[in-house]
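Read the structure below first, then the notes.
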Amino acid sequence: MRCAILHSGDAFAALAERWDALAVAADAGLFMSHRWLRAWWRAFHGVDELWVFVAEDDDGALVAGWPLC
């Protein structure tokens, strides 16, 4: 398992497909969708630093994602 905290908007954007697949599987709802989180970040990125915790299994599959601020 690999865990990381992303600070780059580009790194978070690259997770879109895997993030949404995980959110749908977890029935996480609209506010955990990649589209909503990315829109939120574009609106408020000047206020704070991006922190997104991600965990991937050994095969590179996203198994956890946690947007932090």
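Only this structure's heavy atoms are used, side chains among them; waters, hydrogens and symmetry mates stay out. What you see is a predicted model; the values in this text were computed from it and never measured.
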- Query: Quick one: NE2 on His34 to CZ on Arg18, what's the gap to the nearest 0.5 Å?
  - Reply: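 Those atoms lie 10.5 Å apart.
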- Message: Measuring from atom CH2 of Trp41 to atom CG of Leu50, what distance do you get when rounded to the nearest 0.5 angstrom?
- Response: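 It is 4.5 Å, given to the nearest 0.5 Å.
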- Item | Other residues, nucleotides, ligands: >12 heavy atoms within 6.0 Å of Glu49 CD |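 Atom CD in Glu49 is packed in, count exceeds 12.
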- Message: With a 6.0 Å cut-off (strictly less than), is the heavy-atom count around NE2 of His7, excluding the residue itself, greater than 12?
- Response: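 Enclosed: over 12 neighbouring heavy atoms sit under 6.0 Å from NE2 of His7.
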- Co-membership, hydrophobic cluster, residues Leu68 and Phe31, 4.5 Å side-chain: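 No, Leu68 does not connect to Phe31 through the hydrophobic network.
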- Verify same cluster id: Trp66, Ile5 (apolar side-chain graph, 4.5 Å):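 Trp66 clusters together with Ile5.
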- Could you check whether the rings of Trp36 and Trp40 sit parallel, tilted or perpendicular, using 30° and 60° as the cut-offs?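 Ring orientation of Trp36 relative to Trp40: parallel.
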- Query: Tell me, do Ser33 and Asp20 make a side-chain contact under 4.5 Å, heavy atoms counted?
  - Reply: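 SC-SC contact between Ser33 and Asp20 confirmed.
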- Query: Is there side-chain contact between Leu6 and Leu15, with heavy atoms separated by less than 4.5 Å?
  - Reply: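 Heavy-atom side-chain distance check passes, below 4.5 Å.
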Okay, side chain of [X], backbone of [Y]: is any donor-acceptor separation there less than 3.5 Å?
X     : Y     : answer
Trp19 : Met32 : yes
Asp59 : Ala61 : no
Asp58 : Met1  : yes

